[in-house]
Amino acid sequence: MYTLPESSNRANKADYFAYLLFCIAITGVLIARAFLVPVTHDEATTFYNYVLTGDFIPFMAKGEANNHPLNSFLTYLFYHLFGNQAIVLRLANLLALPFYLLIIFKLSGKLNSRLVRWIFLICMAGTFHMMEFFALSRGYGLSLTFLMAALYQSLLLNKTKSSGHTLLMNLFLILASLSILLNIYNFALLIGWNLLCLRYKNWKQRGLSALAIIVTGLIPLYFLIKLTLYLKTGGAYIERGSGGIWNSTMVSLVEMITDFNPVQSNQLLRIICLYFTILLLSFLGISVWKRRFRIEEALVFPYMLIGNLAIIIIVALYFFSDYPQGRLVLYIFPLVFLSILFLLDRVSTAISIGWLNFLSLPVLLFPLLSISQIQFEYVQIYYRCHVPMRFYNEIMDDNKSGEFPTCVAGHGIQAYSWSFLCRQKGSIANELCDAEFPSRRLPYEIIDLQYFSDWKKYYDTIDFDPVSNLHLLKNKTAYRKVEIKRDEFPSGFEKTDREFFELSRRYLSEFGTDSIQLDIDLSFDSFNNLLNGNLVIEINDSSHQNLIYDEIHLNWARDKWDGTAHNFRRSWIFPKLPEKAAYIKIYFWNAGKREYRINAGYLAFNRLTAR
């Protein structure tokens with residue numbers, strides 16, 4: 001391909017200073033968001049399932065959806081050093097931000113036009129829906145950082161032919177893949193690019209580079225592919241869409257970046273594809289016209305973009321059957337920016353028409369759209385699963401001092417976010433109940449009203465969150481609680497590591513047809529260890545078939561239990577028991593099989609009657 005001369009339009013002091021101010025502003029926004037934005041469903045899931053348990057080591061962890069092992073590992077370290085505040089969970093990605101900003105500045109130095117260079121920097125660092133992942137504990141910020149570092153090393157490799165750049169490129173690709181495993185596509189593609197570059201090296205350079213490709217490229221890639229297939233056996237490796245690559249992957253990605261609706265996103269995506277195709281064909285045509293055939297460094301970006309889409313199609317057809325949704329392939333959008341802006345820069349330089357660089361201005365649409373979306377209350381892509389802090393405060397303010405915490409129902413997707421919010425507030429509230437939701441009719445419900453058409457019969461709405469479209473409902477009926485049975489444990493139990501420990505079993509005929517509230521007042525002692533276990537409440541029929549199965553997660557509330565009295569106080573309500581319900585069973589499931597003891601406490605069964 002035609003090779004353009006090295007850029008001579010270097011950044012001056014004004015550029016450095018302006019970019020520094022730009023970076024400070026971006027960093028300030030993301031630090032504030034890391035402090036202020038409530039922990040999302042996926043972040044809380046990662047914390048409870050992998051960080052708390054340490055169950056993230058590749059091939060040793062359970063085969064489920066931990067496709068961000070590096071993020072889990074770093075979060076595990078920071079959690080044990082600094083605690084479980086939201087900022088701590090997000091620290092790994094936040095600390096990657098300065099490195100990312102430096103790398104894209106270095107990449108911008110490969111552009112000839114100062115205008116295009118600044119548009120590139122603004123798009124890469126100022127597109128909010130992409131950058132907000134640096135203030136989340138999800139691995140996407142780490143992934144973007146290491147991928148950009150690998151791409152920068154590939155440009156240096158194309159120029160110097162040094163095997164040292166091959167080693168660094170592969171190291172960054174390993175880290176990017178461990179941040180999110182779908183980066184194995186980029187790993188494979190850049191190995192292929194590296195092999196293409198071998199033809200322009202001498203025999204000694206080829207030997208060293210081939211050895212580096214095998215040892216630091218092909219062997220790690222093999223193990224990363226094996227890890228991906230291992231996680232696939234767990235049945236929950238990635239969230240997938242079935243609408244084909246255009247709708248499931250590409251349109252959903254544009255929706256995420258722009259906040260456009262599907263129709264608008266579809267139209268914009270067609271324009272992007274047309275714009276990219278014209279630029280790529282123009283560049284290739286100029287290369288043929290100049291009759292110079294070498295691998296131009298800027299071609300690595302369209303190569304990566306087209307290659308990713310091809311691999312996604314192949315993998316969907318032969319391995320996963322469906323296509324990854326937008327956020328899983330977030331890295332595609334930076335590849336779009338890189339491809340369009342580098343191609344335009346090269347075309348305008350090759351034919352010496354400077355005004356062509358102004359054709360890069362429409363790309364600013366993406367960061368400009370982001371300006372109106374910057375806020376400090378929620379994560380754009382997870383807006384449906386967050387629970388507003390004020391909902392928690394309103395519910396807990398209504399609780400009378402000394403009483404058992406009130407019961408709250410909600411959508412399952414809010415359960416993790418609610419539980420982490422409760423943890424931050426001292427773990428005195430009940431977990432969110434999603435079993436048989438919304439028909440349980442608990443004292444409070446957090447719900448999108450479209451799922452509960454006759455809510456007005458039973459509830460008053462006391463608050464509304466327009467972002468998530470969630471209402472906070474309060475039951476119109478006030479209940480009087482009368483204790484009718486109690487199981488006491490005055491002397492406590494012996495220290496044990498039994499996996500299942502039954503606490504109570506009662507026939508429901510004792511309670512008649514009334515609603516039941518179970519009050520739990522126990523003292524757990526975990527002997528300074530994480531107590532990874534659940535208090536399980538089962539309601540079964542006479543043939544032992546399960547009708548209701550609820551869990552209260554002890555490790556969601558706190559890591560360790562010190563044996564003090566009343567350190568576990570919860571309540572659970574069954575306003576309307578299933579018709580065939582025969583008996584209730586309460587037991588502790590010691591999932592982590594650690595030693596523990598229940599020092600003292602009781603289970604109280606109460607009849608609820610309307611006042």
Side-chain donor/acceptor of [X] to backbone N/O of [Y], under 3.5 Å:
X: Ser360; Y: Asn357; result: yes
X: His165; Y: Gln153; result: no
X: Asn93; Y: Ala135; result: no

In Å, rounded to the nearest 0.5 Å, how long is the span from [atom1] of [X] to [atom2] of [Y]?
X: Phe73; Y: Asn71; atom1: CZ; atom2: CG; answer: 11.5 Å
X: Glu132; Y: Ile374; atom1: CD; atom2: CD1; answer: 10.0 Å
X: Cys23; Y: Leu102; atom1: SG; atom2: CG; answer: 9.0 Å
X: Asp448; Y: Leu470; atom1: CG; atom2: CG; answer: 6.5 Å
X: Gln264; Y: Glu255; atom1: CD; atom2: CD; answer: 9.5 Å

Parallel under 30°, tilted from 30 to 60°, perpendicular over 60°: which one fits the rings of Tyr100 and Phe134?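 Geometry flag for Phe134 against Tyr100: tilted rings.
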What residues form a side chain to side chain contact (heavy atoms under 4.5 Å, CB included) with Val254, not counting sequence neighbours? Thr258, Ser265, Leu268, Leu269, Phe333
Look at atom CZ of Phe260 and say whether more than 12 heavy atoms of other residues, nucleotides or ligands are closer to it than 6.0 Å.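 Atom CZ in Phe260 is crowded, with more than 12 foreign heavy atoms closer than 6.0 Å.
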Check this for me: Phe223, atom CZ, are more than 12 non-hydrogen atoms of other residues, nucleotides or ligands nearer than 6.0 Å?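 It does not: Phe223 CZ has 12 such atoms or fewer within range.
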What donor-acceptor contacts under 3.5 angstrom involve side-chain atoms of residues 273-286, with partners at least two apart or in another chain?
{"from": "Tyr275", "atom 1": "OH", "to": "Leu359", "atom 2": "O", "distance (Å)": "2.4"}
{"from": "Thr277", "atom 1": "OG1", "to": "Cys273", "atom 2": "O", "distance (Å)": "2.7"}
{"from": "Ser282", "atom 1": "OG", "to": "Ile278", "atom 2": "O", "distance (Å)": "2.7"}

Please tabulate, for side-chain N and O atoms in residues 307-314, each donor-acceptor pair with protein atoms closer than 3.5 Å (sequence neighbours left out).
{"from": "Asn308", "atom 1": "OD1", "to": "Tyr331", "atom 2": "OH", "distance (Å)": "2.9"}
{"from": "Asn308", "atom 1": "ND2", "to": "Asn186", "atom 2": "OD1", "distance (Å)": "2.7"}
{"from": "Asn308", "atom 1": "ND2", "to": "Met304", "atom 2": "O", "distance (Å)": "2.9"}

Is it true that Lys110 and Asp345 have a side-chain N and a carboxylate O under 4.0 angstrom from each other? no
With no hydrogens and no angle check, do the side chains of Asn183 and Ser177 hold a donor and an acceptor under 3.5 Å apart? no
